[in-house]
Amino acid sequence: MSGYRHIAAILLACALWHGAAAQEEPRSRPFNDAQLWLSLGTEFKPFRKKAGHLGQARFFRNLRATGELEWRLNDNATHLKQFNIDAGLRYPLADFLRAGAQYRYSVRDSFHPNVQRIDLQLWAKWRPGRFKLEHRAEYEHSFTDVRKYRTLLRNKLSATYNIPNWKLDPTVSAEAFTALHYTGTRLVGMRYDIGTELGLGKKKKSTMALTLRYDREMNVKAPKYAWILVAAMEHDFRKK
């Protein structure tokens, strides 16, 4: 029962936070959209030595590299909104904590310029019983017009429940986007996810994840709300 209390506390905190922030939202009529996001990703050890070689330093043995290609379709999934190319590094600081950095290059449509972005990330996880609880703190900076919200602090809470004798374990999450801007610091968006993932093959080196996502802009003049179907495929080369 302690695991259920953890989940209830997280979801209650997110609901209270969102409700308090929503009272400050403008009365503008929001724009609603349905989107489709598709991605292919991988994770591997860039300095991994072949079997039989001499040992190597712990840092290089545990360092992970990641790569991802992502397609985002908007306007009810009829037009390509942007294409993202991601490359990053991750390193475990402890069994429950890891840090990472990521670079993104976004190719936009003909009406918007391409954008570069860097992220600094910190993950923490707990496993009470059959639950897996995770928190991700992220600093995000886009190299774009200073008048835009180009620097964000993101905080994401997620919970996964391991159902006995069932491969599709459900995951729920809530993420807050806080803008650091010269006009003031403010909450500018919330993201809610519910989904699952499935390991493919006997060794489960590949995973297929399906997520239903709800994005909601806040405290902006013309907020955008979007229902998004996310389909992601990832192959992990670091598993033996």
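Numbering of residues begins at 1 and proceeds along the displayed sequence.
Note on E68 versus R104: no salt bridge recorded, every NZ/NE/NH1/NH2 to OD/OE distance being 4.0 Å or above.
Using a 30° and 60° split on the angle between ring planes, Y192 and Y214 fall in the parallel class, below 30°. By the 30° and 60° cut-offs, the orientation of the rings of F131 relative to Y161 is tilted. Ring orientation note: the planes of Y139 and H141 are close to parallel, at an angle under 30° on the 30°/60° scale.
If you run side-chain hydrogen bond (donor to acceptor under 3.5 Å, both in side chains) between T160 and each of T196, D169, T171, only T171 comes through.
When the side-chain contact (heavy atoms from CB on, under 4.5 Å) test is applied to L200, the partners found at least two apart in sequence or on another chain are L198, S206, M208, M233. Scanning for side-chain contact (heavy atoms from CB on, under 4.5 Å) contacts around Q35 gives D33, W37, N74, K81, A226, I228, with sequence neighbours left out. In this view, E138 and R117, D119, Q121, R136, E140, R154 satisfy the side-chain contact (heavy atoms from CB on, under 4.5 Å) rule, not counting sequence neighbours. Judged as a salt bridge (Lys or Arg N to Asp or Glu O under 4.0 Å), and not counting sequence neighbours, the contacts of R191 are D215. Partners of L93 by side-chain contact (heavy atoms from CB on, under 4.5 Å), not counting sequence neighbours, listed by chain and number: Y91, L97, A99, L122.
Formation of a donor-acceptor pair under 3.5 Å by the H79 side chain with backbone atoms of D109 is not found in this model. Here the side chain of T42 pairs a donor or acceptor atom with the backbone of H235 at under 3.5 angstrom. No donor-acceptor distance shorter than 3.5 angstrom exists from the side chain of E134 to the backbone of K125, with no hydrogens or angles considered. In this structure a side-chain-to-backbone donor-acceptor pair under 3.5 Å is missing from R108 to N114.
Annotation: the span from F83 atom CZ to I85 atom CD1 amounts to 5.0 Å, rounded to 0.5 Å.
Side chains of I194 and S173 form no contact here, defined as non-hydrogen atoms less than 4.5 Å apart.
Sorted by first then second residue, the ring pair (Phe, Tyr, Trp, His ring centres under 6.0 Å) pairs that include residues 92-122, not counting sequence neighbours, number zero.
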